[in-house]
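Encoded as structure tokens, the structure appears first; notes follow it.
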2 protein chains.
Amino acid sequence: MTRYVFMFDEHPNPSKEILGGKGYGLAVMSKIGLPVPYGFTITTETCKYGKDLPEDVVKQIDEHLIKLEKSSGKKFGDPENPLLVSVRSGAAVSMPGMMDTVLNLGLNDDTRAGLAKKTNNPRFAADSYRRFMQMFGNVVMEIEHDKFEKELNTIKNKHGKKLDTDLTTEELDEVIVAYRALIQKERGEFPTDPKKQLRMAIDAVFSSWMNPRAIAYRKLNDIRGLIGTAVNVQMMVFGNTGETSGTGVGFTRNPSTGENVAYGEYLLNAQGEDVVAGIRTPHPISVMEKELPDTYKQLMDVFHKLEEHFKDMQDLEFTVEEGKLFMLQCRSGKRTAAAAVRIAVEMVKEGLITKEDAIMRIEPNSVTQLLFPQLDAEDKKKFEVLAKGLPASPGAAIGKLAFTAEEVKERVSAGEKDVLLCREETCPDDIEGMNLAKGIVTARGGMTSHAAVVARGMGKCCVCGCGDLHIDAATKTISVGSKKFGPSDFFTLDGSTGQVYAGKVQVKDAEVSGNFETILNWANEFKRLGVRTNAETERDAKKAREFGAEGIGLARTEHMFFQGTRIRAVREMILSENVQGREVALAKLLPLQKGDFKDLFTVNEGLPVNIRLLDPPLHEFLPQTPAEMEEMSKEMGVSVEKIKVLCTNMHETNPMLGFRGCRLGVVYPEISRMQVRAIMEAACEVVESRADFNFKGVEIMIPVLAHMEEMKMLRELAVGVANKVLEEHKLTIERVPYTVGVMMELPRACIRADDIAQYADFFSFGTNDLTQTTLGYSRDDAGKFIPLYLEKGIYEKDPFQVLDQNGVGELIKMSVTKGRTTKPNLKCGICGEHGGEPSSVEFCHRVGLNYVSCSPFRVPVARIAAAQAAIKEKRAAK
Amino acid sequence: MTRYVFMFDEHPNPSKEILGGKGYGLAVMSKIGLPVPYGFTITTETCKYGKDLPEDVVKQIDEHLIKLEKSSGKKFGDPENPLLVSVRSGAAVSMPGMMDTVLNLGLNDDTRAGLAKKTNNPRFAADSYRRFMQMFGNVVMEIEHDKFEKELNTIKNKHGKKLDTDLTTEELDEVIVAYRALIQKERGEFPTDPKKQLRMAIDAVFSSWMNPRAIAYRKLNDIRGLIGTAVNVQMMVFGNTGETSGTGVGFTRNPSTGENVAYGEYLLNAQGEDVVAGIRTPHPISVMEKELPDTYKQLMDVFHKLEEHFKDMQDLEFTVEEGKLFMLQCRSGKRTAAAAVRIAVEMVKEGLITKEDAIMRIEPNSVTQLLFPQLDAEDKKKFEVLAKGLPASPGAAIGKLAFTAEEVKERVSAGEKDVLLCREETCPDDIEGMNLAKGIVTARGGMTSHAAVVARGMGKCCVCGCGDLHIDAATKTISVGSKKFGPSDFFTLDGSTGQVYAGKVQVKDAEVSGNFETILNWANEFKRLGVRTNAETERDAKKAREFGAEGIGLARTEHMFFQGTRIRAVREMILSENVQGREVALAKLLPLQKGDFKDLFTVNEGLPVNIRLLDPPLHEFLPQTPAEMEEMSKEMGVSVEKIKVLCTNMHETNPMLGFRGCRLGVVYPEISRMQVRAIMEAACEVVESRADFNFKGVEIMIPVLAHMEEMKMLRELAVGVANKVLEEHKLTIERVPYTVGVMMELPRACIRADDIAQYADFFSFGTNDLTQTTLGYSRDDAGKFIPLYLEKGIYEKDPFQVLDQNGVGELIKMSVTKGRTTKPNLKCGICGEHGGEPSSVEFCHRVGLNYVSCSPFRVPVARIAAAQAAIKEKRAAK
């Protein structure tokens, strides 16, 4: 018989998969002797039944309820000593705020009276009853939250009360009567039998797994493969029984900076929902040391034990009931990338974890956050701080103001790029809009409010609880004192300080230093893959080298053709009707290209540089519009008609599959000759510039290759020119090493990799074009169906972002195997955009590539991902 | 020591590769005892030395010259009994007229006197000497032919003579003097030592292998892999020693019709060059029976022995010297496709060869000639025959008149399609123009003239020796009696009758019957591959069935969308903004498509029909030009602006890789639903139309598929609709069998073939698109580089015409293997245009496809090719 229900301390091998994250935390804390209110967990395996729990499960629940009554010494429905419980969801992966919770379950008119008597606090009992009815009515009986709020406000207004806490016991009784009537009207009688309440609540939690909000959350956060949520039934403890009670959330370290100090917030005389919902602004946990010194000591002890046990920063919920501490939840805490890095590094130094663990703790994509531009310190001084909130999620964000999540969606899909979401407070429904906004600012809520938690998860800049902002969504205005701002005004947010500026403050690039540098250096100790960068400008190459790039994996020479007046020479070449004419024009381009290459070689002293010969079809260098044609006509002294004819003649139906890449070199070898000469002259000149110049080698790459014969022909051409230049400079290939290889970006090249390897010194997989041809998708046109394809699950991820390992990946694997059959040490790399995407990097490691190459800002991501791939492999081999 | 020289009867294993075609024929004829003048062959292996023959070879030549002198009883340079020889080239593959020949070698002043004395014919000796000097001067010493002709004409004019034969011995002596002076002036002294003459001639023949004309010929005729030409040195026999001498060419059967009667032409008192060059019009060989009855009998005996030996129709050259027959050459005779078929069939009936041999004798591509349209007999009656020549190569040709090969090239490259080449006589330099012309007509020359031989080789309609036509290339006119025609006039040629018409006679389709039908039926006995057709109209489907197609392999439903007013409904669908609107428009298309499908099913009763769902991007159905937009605007009642916006929105950068094929079905499932419904309703209705209707099954094909999930989704859709229609008609799948499969045309589909086969009932390789994506070539754009690629030998053949077996073929092989891992009996076919190309058909056989599908007119080609593939396999297994 499958066991579906476990007391917190009963499961022999607690796991998140079976008990859910919350149940797992409670089980572990119970086992290591921390103060946890008694309770039991109904496993995630039960979720599949939804509302139709089998007899067997119901029986197990009943049995565990009896155990719970026994442990707690309280009884369900007992007016003398009533057992009240919370019913909470908890899946293996945290989905904050996404599923439902019911507190104070077990109350009815009788037990409420008993509670009042037992606590000697009738108002507390009434308030608990009122809260329970509202939660139960909303979550379990599915009556809109607003309807309860309306009843509550009516009664508050009637009595001239502002806050809920101002209401007296009698007034709360009025609320209870009103709620009962509301429930009766909307759904029928409010259930008074605690067992019935429990069963209904359990059913509701299991059902909430499939509610649209939860489904959307899983999709957005790419949470897959879970079998469902567990349900935790736990004896209530009360933080709202007076001034020696309270509730709070804590982190064992600072989740924003990673600093090793206890962090968190609490409210005296409150229940947990008051903190999470951000309705009252709580106190920092440090204040607790003065207010409840004993409890604070107990709590710090718990923090310490938990870190010792989990070897990771923990996120906790606790309640203090009349001075006594109870732990309600613990889990690995979400953190910013900066915090993740600092915590990982410091835990290594503290001896808690190994360097390998530290690297495995970092989500590679998250480190791009650390490369977020920061506000320029100098420019910032020119602006006055408009308001200050909590630094909830770091980075800088600049944008115009939007007042609802829908507004963000509409404006972004209409083409606006920089939009900030400004809300009194955010709620789960806002997630999509938060995702699309550049940054988030809220007027209410603390560091653990919904906005703060979600924004940190998204790596998005957020300032919270910025009370000076008066946000009026209805009129779309924000007023700060006498100043008013609307949808067309810009704000600048500093997520690291919580400062808000009116206008646009300048930003500057980030640097790699401190803990981040440490962890990246550790990554280098483990990774096997080289990490290079795709760059052709001196600026990008420098930046990438700062980020740890080990050379250039792809320099796209044609990018240089567009700069300044060069396009004129390019067009002159295209207009030429014979080789001689083309050679005259090419001669003008040669010194310009050479200059660029010298810059690249200089920046990459001691590192290899890969330069790709001309790739795009020549018509890309021609004007597109009549105005541009007119301009070209004037500049080149050629009639507009001639230009039009040229454009028409050169037009291609499918330029992606057209006259480009090495085909240009085969038909117009003079172009390739010029480029190889420019490369080799540049190489010789940098070598000649300094006797000790460490020239590591240049890789000349032939693009869009399909056939061995193309490779053979162009290799001969390249080697011929290169050796001639070396001879002219009286330099040897040992001093100026060069190789000639191929950009593997067509299926045919992959299929014939063994042939091609005969003439190629290296393979570099151009996975952008290889994806286009293998899948038959034009990147420019696939937007019309790819989104729907992702929605329908045909592809799990956009194959242009995440390598299609089953399709394109198979071709890469085949190529590497075949290529190395011919040349066992064939150097293989990847230079498509997938080279900076973690799962694709792992793939590249697995199939034995030598390096990945990606854009400069992805270099740190790739370094972490490469190290993780190596560590995973090592661990799997054990 | 390698042996480079062999007497004709010396080689133990004569082969064309070593002895060349001519040497091989001479060797075989010598061995089987036919009258062959003595001589020896210098092997093709010697050709690599060009003019620099090693000592060793020279020594062997000298030794064999001595043997030749011994056998013939004559001596080089002996004034009493001089040995004269011919020196001829001869490669393994016949290259008529492409390389050089020297006759009468060995003559000088002394031997000429001896010859005169010995033959008692001073004029003959003088003429032979004159001819030798001219040939040697031209071929060996490389003095232009025209310069000799000029000298000859000067002397003819001086003496008032018209023909060469009118010249007296004395006058010929004047020519000899003039020739000697010409040679002296141009190149220095004329060599008088016969050994020196021989050595120079051998060098010239070996060099001629690499002359531009020979290289161009090999390229045009796709002759590859030969190591060179051999040289044959053979004792001269003379057909020009008087009226009991003569020379001729013969075929053992009629090369034009295949009829089993001796065929050929001869001239009395002439040398071979007179016949081949077409300068004098020769007599049919049948006339010889009266003129030289004994020799004729000998010749017929030779014909018989040769067919017995070679089991094939032979092409022969012979000379009669004073009544004695000498065989100078024999080889398999070139023939028209009709002749090839008839000869093959009749030889089987005669017991000479087997059915397998017969099939292997047919060049599959050549049979398209038999499907050439013929002149419509009724329409022909309305025209008067303008002139009648020889039916040199069959078929019908209609075109405007061009007067030089260059003119044909210019006009065709300027876009003209139907051009006839009209020449007094053609020469080797005309080959390119002949290839581009629709047909060829000459005023002079017989059935074995250059024009006739080359045209038959090309399968091109040709009328020869049409003496009534007075062709004036200088003024570009043809006059026939008083009628004059120029470059803008049309002629119609009937290559089967030799008739020439002024104007355009109507043509009609060919039929499969007689011997052709016989051989195609034999092909069916051997072939393993099915042969289907690509067709969507009733007319094409019928035609294909007549040609033996075993069902439809590809019906492109979108072709039906363009017909008549249907485009209106298609556009209505595209304009619709929602599913409902699209469904309304689709409902209008449904009955039209259904009608088409019923026609296809009816024509293909008893055969399978494969129907592909919509393939092209929808924008292909929108107007392109402003005028068409205007028209559509009026017709649809939609503003031109809206249409323009639509066209802009739907425009694709690379439509080949765009929103097409099954992607349409995934995004707009209503389109696929309509098409499947139309298919299944059509199927049900034909089945309901007749109780005994033999419905063999419909294959619903999903195009442009990349991912198993697409297949799964669309299979579910198709099966859902299909079963619903069956239910509505109360019919079972046993009565109306249907399957759902995939068009394999993307590399990813091939790589994942094992996954896809889970949901696919069949694979059909769409090699057009598979070639585009695998090679990265857009068929529409590749014209800019493919010709140069072929020229440089990067690809041997245009990969869009001949399957790229190493690239695309590997993917096909992989797919079949993977697909059949999942489903061992998976049906696999090909429906790209390669399905009718013989070498590709052979590949399809080898990789185990079940069928090929091609355009109707390629069906007979594919049947022959499929049978040959099976026979080759069987023979290789032995």
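Throughout, a chain's letter reflects where its sequence line sits, starting with A, and its residues are numbered from 1.
- For CD of B/Glu796, the number of neighbouring non-hydrogen atoms (other residues, nucleotides, ligands) closer than 6.0 Å is 12 at most.
- Counting non-hydrogen atoms of other residues, nucleotides and ligands closer than 6.0 Å to NZ of B/Lys823 gives a total above 12.
- The choice from A/Glu810, A/Glu710, A/Met713, A/Glu745 that makes the most heavy-atom pairs within less than 4.5 Å of chain B is A/Glu710.
- Once rounded to the nearest 0.5 Å, the distance linking CG of B/Leu657 with CZ of A/Arg779 reads 13.5 Å.
- Note that CZ of A/Arg663 is 6.0 Å distant from OH of B/Tyr789, once rounded to the nearest 0.5 Å.
- Of the atoms belonging to B/Leu746, heavy atoms from both backbone and side chain fall under 4.5 Å from chain A.
- The residue from B/Asn806, B/Val808, B/Thr771 that alone fulfils the side-chain contact (heavy atoms from CB on, under 4.5 Å) condition with A/Arg748 is B/Asn806.
- The line from OG1 of B/Thr774 to CG of A/Leu811 is 9.0 Å long, rounded to the nearest 0.5 Å.
- Residues A/Phe785 and B/Gly658 share a closest heavy-atom pair of CE2-O, 3.7 Å.
- Around CD of B/Glu628, the count of heavy atoms belonging to other residues, nucleotides or ligands within 6.0 Å exceeds 12.
- For the set B/Ala706, B/Gly807, B/Gly776, the count of heavy-atom pairs under 4.5 angstrom toward chain A peaks at B/Gly776.
- A 6.0 Å sphere centred on NZ of A/Lys712 holds no more than 12 heavy atoms belonging to other residues, nucleotides or ligands.
- Taking a 6.0 Å sphere around NZ of A/Lys784, one finds it holds more than 12 heavy atoms contributed by other residues, nucleotides or ligands.
- Within residues 649-656 of chain B, the residues approaching chain A closer than 4.5 Å by heavy atoms are, in numerical order, B/Asn649, B/Met650, B/His651, B/Glu652, B/Thr653, B/Asn654, B/Pro655, B/Met656.
- Shortest non-hydrogen contact noted between B/Thr773 and A/Pro747 is O-CD, 3.5 Å.
- Interface remark: A/Ile751 contributes side-chain atoms only to the contact with chain B (heavy atom separation under 4.5 Å).
- Both the backbone and the side chain of A/Leu775 come within contact range of chain B, each with at least one heavy atom under 4.5 Å from a heavy atom of that chain.
- Few gaps surround CD on A/Gln580; more than 12 heavy atoms of other groups in view lie less than 6.0 Å from it.
- Remark: A/Arg752 CZ to B/Asp804 CG distance equals 8.5 Å, nearest 0.5 Å.
- Atom-to-atom distance recorded for B/Met814:CE and A/Met814:CE is 3.0 Å, nearest 0.5 angstrom.
- Atom NZ of A/Lys792 is separated from atom CD of B/Glu709 by 12.0 Å, given to the nearest 0.5 angstrom.
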